[in-house]
Amino acid sequence: MPERRCPAHKMRCMSTPDLQISTHLIHHPYQPPEGFVAPQPPVHKASTVIFENVAAMRRRQWLDKSSYTYGLHGTPTTFLLEERLSALEGGLQCLLVPSGLAAIATTSLALLRTGDEMLLPDNAYGPNKTLSEGELAHFGVRHQCYDAMDVAGLEAKITPKTRLVWLEAPGSVTMEFPDLIAMVRLCRARGITTVLDNTWGAGLAFNPFDLLGDGSHSLGVDATVHALTKYPSGGGDVLMGSIITRDQALHMRIKLAHMRLGLGVGGNDTEAVLRSLPSIALRYHAQDRAARELARWLQQQPAVVQVLHPALEGAPGHENWKALCGAAGGGEGVAAGLFSVVIDPRHGQQAVDRFCDSLRLFKIGYSWGGPISLVVPYELPSMRSCPTPQLRSGTVVRFAIGLEAVQDLRADLEQALAAAFA
Ligand SMILES: *Cc1c(COP(=O)(O)O)cnc(C)c1O
C-alpha cells in the first residue's frame with residue numbers, strides 16, 4: 001500500500017502525521033460534541049468492548065448493568081430495551097434472546113436438570129412441546145401435558161419431581177383462557193416454578209407478576225417469556241425474545257445459562273424494537289377492537305360453528321379472561337388481535353384451503369402483531385393429547401388481525417366465505 005499523508009486541511013489529522021491512513025482511520029481522534037439528544041436512542045453495536053486500561057479490564061463484571069465487558073453481555077442499546085420491557089411486563093430483570101422460542105428454550109435449560117419433570121399445557125405453543133420431546137427428553141427431563149382448562153387435572157399431574165410448570169394465557173391456536181390465578185396459587189403452594197408465555201398478553205392485557213392486580217405482587221408467575229417478534233416488533237420483520245423475572249436469584253440462574261449458551265441480539269434489531277415500542281399500546285388496542293368486531297361478525301356466518309376468542313361470551317375460558325383482563329379498557333376488557341374459528345365439518349379440508357386461498361388482504365403465514373392480517377388453517381387432532389370437549393369438531397382457522405381498515409377485512413372475509421362455502 002502506498003503511503004498516504006492525511007490531507008493538510010484537516011487540522012486534527014495533523015496531530016498524528018506519522019500514522020498510515022488505515023491506522024489513522026481506525027484511531028482517528030475526532031470526537032463529536034456531546035449533547036446530541038433525539039427521540040430515538042443511538043444504535044450501539046459491538047462484539048469487542050474497549051477498556052480504558054488493563055485494570056479496568058480486570059475489574060470487568062458482566063453480572064449487572066454497571067459496566068460493559070463484551071457485546072454478548074450487553075450494550076447501551078440492549079440495556080435500554082431490557083429496562084423498557086421490564087417496565088412493560090411489570091418485572092425487574094430482563095434478558096434478550098434471538099427469538100421467542102430461544103426464550104422458551106433458555107428458560108427450560110436453565111431451570112431443569114436430569115431427572116426433573118416439567119408440565120406443559122396441551123395447547124402450548126407447538127415448538128415448546130417439540131423441544132420437550134427432543135432435547136429435554138434426551139437430557140433425561142420428563143414432561144407431561146396437562147389440560148389447560150382443568151386445574152384439578154394439573155394438580156393430579158404434579159409429582160415430587162415437578163420443577164417447572166409452563167403456562168399460556170390463552171393457549172395457542174384454540175385460545176382457551178386458563179384459570180391462571182388458581183394455577184399459580186397451586187404451584188406456589190407446592191414450591192414449583194411457574195413460567196408464563198406472555199406473548200398474547202404482551203404486558204398490556206394483565207400484569208403477570210401481579211395477578212390480583214392490587215399492586216401487592218402477592219401472587220404472580222415467577223418468570224415470563226415474550227416473543228418480541230409479535231407485538232413489540234410490530235413489523236413482522238424482527239425475531240427476538242425476552243425472559244423477565246422479579247426475583248434476583250431466579251434471574252441470575254437464567255442469566256448464567258444465557259451467558260453459557262452464548263445468546264445475544266443485534267443492535268439494529270434491538271433498535272427496531274425500541275422504535276416500535278412507543279406505539280405498542282395503540283397498535284394492540286386497535287387490533288383488539290378490529291379482531292373483536294370481525295370475530296362477532298364471523299359468529300353469525302353459517303359456515304362457522306365456533307369462534308374462539310376469549311373476550312367473547314361463551315368462548316372457552318371466557319370467565320377466566322374476564323376475571324383477569326375484564327376490568328381494564330374502560331370495562332370492555334383487553335385482548336390481543338388474535339382469534340380462531342372452527343369451520344363446520346361438513347365443509348372438508350379442501351373447502352377450508354380454498355377459503356384461505358381466496359382471501360386477498362389476509363395473507364397466509366405464521367406469526368402475528370404486524371401490520372398485515374394473517375390466516376393459517378390447523379388440523380387440531382394431531383396437535384393435542386388431552387380430550388377437547390370445549391371445542392366443536394371441524395377445521396380450525398386462525399386469524400391474526402393487522403392494521404388494515406376493519407371494513408376492508410370484513411369484505412375480504414365475506415367474499416372468501418362465499419367463494420369457498422357457498
Ligand atoms: C411466536 C410465538 C413464540 C415464538 O416466537 P419466535 O420469535 O417466532 O421464536 C412463542 N410463543 C408464542 C405464544 C408465540 O406466539
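Whatever order the structure lists ligands and atoms in, that order sets their numbers, starting from 1. Only heavy atoms go into these numbers, but all of them, side chains included; no hydrogens, no water, no symmetry mates.
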Pair listing, ring pair (Phe, Tyr, Trp, His ring centres under 6.0 Å) test, anchored in residues 402-422, at least two apart: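 The answer is His347-Phe421, Phe355-Phe421.
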Looking only at heavy atoms, is any part of Leu101 under 4.0 Å from ligand 1, and if so is it the side chain, the backbone, or both, or is it neither?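 Both backbone and side chain.
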So for ligand 1, is Gly100 a polar contact partner (N or O within less than 3.5 Å, distance only)?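 Yes, there is a polar N/O contact under 3.5 Å.
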Atom 14 (C) of ligand 1: which protein heavy atom is closest, and how many Å away?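 The closest heavy atom on the protein side is Lys230 NZ, 2.8 Å.
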Note the single closest protein heavy atom to atom 7 (O) of ligand 1, along with its residue, its atom name and the distance in Å.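 Here the closest protein heavy atom is Thr229 OG1, 2.5 Å.
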Please indicate whether Arg190 has more than 12 foreign heavy atoms, meaning atoms of other residues, nucleotides or ligands, lying under 6.0 Å from its CZ.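 Yes - once you tally the heavy atoms of other residues, nucleotides and ligands closer than 6.0 Å, there are more than 12.
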Could you check whether the rings of Trp200 and Phe177 sit parallel, tilted or perpendicular, using 30° and 60° as the cut-offs?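 Ring orientation, 0 to 90° scale: perpendicular.
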Nearest protein heavy atom with distance in Å, relative to atom 3 (C) of ligand 1: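 Minimum-distance protein heavy atom for atom 3 (C) of ligand 1 reads Tyr125 CZ, 3.4 Å.
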Counting heavy atoms only, which part of Tyr366 comes closer than 4.0 Å to ligand 1: side chain, backbone, both or neither?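 Under 4.0 Å from ligand 1, Tyr366 contributes no heavy atoms.
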Would you confirm whether the ring centroid of Phe79 sits within less than 6.0 angstrom of the ring centroid of Tyr68?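 They qualify: ring centres under 6.0 Å apart.
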Below the 3.5 angstrom mark, is there an N/O of Glu168, backbone or side chain, next to an N/O of ligand 1?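 Looking only at distances, the answer is no, because the N/O contact criterion of under 3.5 Å is not met.
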Measure the spacing between OG of Ser373 and CZ of Phe362 and express it to the nearest 0.5 Å.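 Nearest 0.5 Å value for the OG-CZ distance: 4.5 Å.
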Ser385 side chain to Asp122 side chain, donor-acceptor N/O pair below 3.5 angstrom: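 Indeed, the side chains of Ser385 and Asp122 share at least one donor-acceptor pair under 3.5 Å.
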Looking only at distance, does Ser172 have an N or O less than 3.5 Å from an N or O of ligand 1?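 By distance alone, the answer is no.
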